[in-house]
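One structure is given below, encoded as structure tokens.
Because the structure is predicted, anything quoted here is derived from the model rather than measured. So you know, we letter chains A, B, ... as the sequences are listed, proteins then strands, and number each from 1.
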Protein chains: 2
Amino acid sequence: MAEHRTTRHQARAAAIRQIKDEARRQLREDGVHNLSLRGVARSMGFVSSAIYRYFPSRDELLTALIIDAYDALGEAAEQADDPGAPRAQRWARVCRAVRAWALANPAEYMLIYGSPIPGYQAPRDTVGPATRVAKVLTTIAEDAPDSPLSPTLAKQMTDTAAALDSPIAPGAMARVVRAWTQVSGMVSFELFGQFRGAIEPADEFFDAAVADLAEQVGLGS
Amino acid sequence: MAEHRTTRHQARAAAIRQIKDEARRQLREDGVHNLSLRGVARSMGFVSSAIYRYFPSRDELLTALIIDAYDALGEAAEQADDPGAPRAQRWARVCRAVRAWALANPAEYMLIYGSPIPGYQAPRDTVGPATRVAKVLTTIAEDAPDSPLSPTLAKQMTDTAAALDSPIAPGAMARVVRAWTQVSGMVSFELFGQFRGAIEPADEFFDAAVADLAEQVGLGS
DNA sequence: TCTCGTCAAGAGCACTGCTCTCGTAGACTC
DNA sequence: GAGTCTACGAGAGCAGTGCTCTTGACGAGA
């Protein structure tokens, strides 16, 4: 019976893909608060209500875009990693890939690392894709040495490592999380214009910081 | 009210203040994208068009709120600084004050450090207040030792220091900027829910990271 | 006192998210 | 192949939005 349904399913999948592509285009051009279902429908030759057959609400569309963005960024990070290279080099390559993806897809980066959409609750589906970048970075630092932590912090970091399914030591996990917040902070500052007029372009600033971070995490060659 | 003999100017200033207070309330409760001029007018007993006498557009209102937020955060940072204390301690206190302000005023923090409002161009007026926190941190690190930088980076950092009107060495400036991106990154992660379910509460994580940052910046006891 | 500028009010335009109903054409069942 | 079901797009409509324009009143300065 599934065989007979395929054409319908295919058409539906294609429509969903087309809607998301158009939504991404509008996101890029007009920003998230100017992304409207009516606009998407209009430029697809649909009537507005037809969109609701595929996405029951604007939030559902946003959720789909958010999951896609997490996946795309996660994939970029995974592809940039070369398990054969020295760990400090792997770290730097992945971080640069994250920044490159963010600069190439600013609207989608803001969607996932900018202010949360107000009134919007991220459903469970986003949790998995959201951790892909963290997983890559944690894997690279898996053999980094431990360092002392307070009991509370040690438990939080052990839990975090467990959630990422990694045998990394709690102390190393803490350093990875700290470093990741700085990487994300730098990318956000650059993207959100906090560096405007001062640190432009930010390539050297970012690369130098990332290299130092690798050392701080404990990936020294 | 019991106000009499108020000049036009005073009445106008009071109305503006009242509008901003109500707008902040709506911002806190419903998020930025649910902040509407009509809503503000309604809960003030105004008719919608009356608001436009005070703020010619929604963006103008947002700009006012953004400037106020930068100023409030800057003031919190400045008040937290105790010039008589050891520098590492000053650094930690200011960072903790920034986080505390952000946790107490999440909506306003997101307004200034979250995704830029699409289609909204920050006017010149926001530049001054925006630098107050950076200025406090830079002042604390003013005597930190220099470190080697590439020529490009050195120029950018010299310019940044000049913009902040500080005699800080370029290498120290670079470390301050890096550290500040991490502080902001941590606060953003916490506020935007990236730590959810893993690092909660984040007090110890933040305090430990900030203490290490002070050392990395070169504020060792 | 009189003029002028500021103010709130209200109607109105174009837009939004979302809901409902209604034919129809295609997918599945027998 | 005929018949049933259902997913689909069209269209109207509701309540809300930002913003504009006009109108009338009222208070402050000349």
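Residue side chain A:Arg38 reaches the base of C:dG17 through a donor-acceptor N/O pair under 3.5 Å, judged by distance alone. Side-chain atoms of B:Ser49 and base atoms of C:dA9 include a donor and an acceptor less than 3.5 Å apart.
Toward the 5′ end of DNA chain C lies the nearest nucleotide of B:Ser48, the other residue of the pair A:Tyr52 and B:Ser48 mapping further downstream.
Under a 4.0 Å N-O distance rule, the pair A:Arg99/A:Asp203 qualifies as a salt bridge. By the 4.0 Å N-to-carboxylate-O rule, B:Lys155 lies close enough to B:Asp159 to be salt-bridged with it.
In this structure, A:Phe46 places its CZ atom 4 Å from P of D:dG9, rounding to the nearest Å. Atom CG in A:Asn34 sits about 19 Å away from atom P in C:dA14, given to the nearest Å. Taking atom CD of A:Gln10 as the reference point, atom P of D:dC8 lies 14 Å away to the nearest angstrom. Between B:Met44 atom CE and C:dA9 atom P there is a gap of 11 Å when expressed in whole angstrom units. Whole-Å rounding puts the A:His33 NE2 to D:dG18 P distance at 10 Å. The distance between atom CZ of A:Phe55 and atom P of D:dC8, rounded to the nearest whole Å, is 12 Å. In this structure, the CZ atom of A:Arg42 is 17 Å from the C1' atom of D:dG9, given to the nearest Å. Atom CG in B:Leu61 sits about 14 Å away from atom P in D:dT17, given to the nearest Å.
Residues passing the side chain to side chain contact (heavy atoms under 4.5 Å, CB included) test with A:Thr158, sequence neighbours excluded: A:Pro170. The side chain to side chain contact (heavy atoms under 4.5 Å, CB included) check on B:Glu75 picks up B:Gln79, B:Arg132, with sequence neighbours excluded.
Residue B:Ile51 is out of contact with every strand shown, counting any heavy-atom pair closer than 4.0 Å.
Closest to the side chain of B:Arg53, out of C:dC7, C:dC18, C:dT21, is C:dC7.
Considering only side-chain N and O atoms, A:Tyr54 lies under 4.0 angstrom from the phosphate OP1 or OP2 of D:dG9. OP1 or OP2 of D:dG9 has not a single side-chain nitrogen or oxygen of A:Arg12 nearer than 4.0 Å.
Between atom SG of residue A:Cys95 and atom CE of residue A:Met186 there is a gap of 7.5 Å, rounded to the nearest 0.5 Å. The line from OH of A:Tyr54 to CD1 of A:Ile16 is 7.5 Å long, rounded to the nearest 0.5 Å.
Between B:Lys20 and B:Asp68, some side-chain heavy-atom pair lies under the 4.5 Å cut-off.
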With pairs defined as Watson-Crick or G-U wobble and both distances under 3.5 angstrom, please note down DNA chain D as a dot-bracket string, | for pairing with another strand.
||||||||||||||||||||||||||||||
